[in-house]
Amino acid sequence: QVQLVEPGGGLVQAGNSLKLSCTASGRTFSRHAVGWFRQAPGKEREFVATIDWNARRAYYATSVEGRFSISRDNAKNAWFLTMNSLKAEDTAVYYCAAARATFQIRVVSEREYDHWGQGTRVTVSS
């Protein structure tokens, strides 16, 4: 079975940083785009960041661009979301995900992902 485990959430003061991790098992995703999504209270799940299958480029939601950074480590079958300058509006449950198909770039649509982490809650206090 495929599992994506994502520790790293927690309570953070506004302006500080936090790094989320996602480690997959059961399948190697070195040829897949991977990404992060989030869902704030009372809102729909939204795209946050993705990195191409070959790690040549990353894409971000406008709301986080310049503050967040996505990276991956294929040797560990893992990917990360480094969040800087956190704001109260970043409070949400964050989900990591792996794309269904191989060799994709700019995978920003939720429907293109078929493996999801359990979600980790990030609360930013102001």
Side-chain angles (χ1 to χ4, degrees):
Q1 64 185 42
V2 178
Q3 289 186 317
L4 276 58
V5 178
E6 46 178 305
L11 177 63
V12 191
Q13 294 249 39
N16 286 359
S17 299
L18 186 67
K19 184 178 180 179
L20 304 181
S21 301
C22 183
T23 301
S25 62
R27 185 175 300 176
T28 299
F29 293 105
S30 61
R31 299 187 299 174
H32 297 69
V34 296
W36 291 89
F37 294 77
R38 70 184 182 186
Q39 186 168 24
K43 297 184 178 181
E44 297 183 358
R45 187 158 59 186
E46 65 177 352
F47 165 76
V48 176
T50 184
I51 186 167
D52 294 344
W53 74 273
N54 56 13
R56 290 184 178 179
R57 195 177 183 93
Y59 306 87
Y60 302 92
T62 302
S63 59
V64 307
E65 191 165 17
R67 298 188 298 120
F68 290 12
S69 178
I70 185 172
S71 60
R72 66 189 301 168
D73 185 342
N74 288 341
K76 297 180 179 179
N77 207 20
W79 52 103
F80 313 92
L81 184 69
T82 300
M83 305 181 291
N84 299 312
S85 301
L86 282 162
K87 306 174 181 179
E89 49 263 44
D90 294 318
T91 295
V93 175
Y94 285 73
Y95 299 88
C96 64
R100 178 182 303 106
T102 56
F103 306 117
Q104 291 180 299
I105 61 173
R106 198 178 181 275
V107 185
V108 300
S109 176
E110 182 178 330
R111 72 173 67 191
E112 298 298 325
Y113 293 84
D114 69 344
H115 299 292
W116 295 83
Q118 81 283 359
T120 186
R121 186 175 301 275
V122 175
T123 302
V124 183
S125 61
S126 59

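- Here the side chains of Tyr95 and Thr120 are not in contact, with every heavy-atom distance at 4.5 Å or above.
- Partners of Ser63 according to the side chain to side chain contact (heavy atoms under 4.5 Å, CB included) rule, which considers only residues two or more places apart in sequence or in another chain, are Arg38, Ala61.
- The two atoms that bring Gln1 and Gln3 nearest to each other are NE2-NE2, 3.0 Å, heavy atoms only.
- Considering all non-hydrogen atoms of both residues, Ser126 and Ala88 come closest at CB-CB, 4.2 Å.
- Under the side chain to side chain donor-acceptor pair (under 3.5 Å) criterion, the residue pairs touching residues 20-32 are Arg27-His115, with sequence neighbours excluded.
- In this structure, CD in Glu112 is found 12.5 Å from CZ in Phe47, a value given to the nearest 0.5 Å.
- Side-chain atoms of Asp73 come within 3.5 Å of backbone N or O of Ala75 as a donor-acceptor pair.
- Hydrophobic cluster of Met83: the remaining members, joined at side-chain heavy-atom separations below 4.5 Å, are Val2, Leu4, Val12, Leu18, Leu20, Phe29, Val34, Trp36, Val48, Ile51, Tyr60, Val64, Phe68, Ile70, Trp79, Leu81, Leu86, Tyr94, Val122, Val124, listed by chain and number.
- A 4.5 Å side-chain heavy-atom check between Thr91 and Arg121 finds every atom pair outside the cut-off.
- Taking the side chain as every heavy atom from C-beta outward, Thr50 and Tyr113 approach each other to under 4.5 Å.
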Discussion item. Does Lys19 form a side-chain contact (heavy atoms from CB on, under 4.5 Å) with Phe80? I'd like the steps, not just the answer.
Written reply: CA-CA 7 Å; Lys19 184 178 180 179; Phe80 313 92; 3.7 Å; yes

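- Take Glu110 and apply the side chain to side chain contact (heavy atoms under 4.5 Å, CB included) test, not counting sequence neighbours, and it matches Phe37, Arg45, Trp116.
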Donor-acceptor pairs are to be reported for all side-chain atoms of residues 97-106 against protein atoms at under 3.5 Å, with residues two or more places apart or in another chain.
| from | atom 1 | to | atom 2 | distance (Å) |
| --- | --- | --- | --- | --- |
| Arg100 | NH1 | Arg111 | O | 3.2 |
| Arg100 | NH2 | Arg111 | O | 3.3 |

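- Checked against side chain to side chain contact (heavy atoms under 4.5 Å, CB included), Gln118 has the following partners two or more places apart in sequence or in another chain: Glu6.
- Evaluated for a side chain to side chain donor-acceptor pair (under 3.5 Å) with Arg67, the options Thr82, Asn84, Asp90 yield exactly one hit, Asp90.
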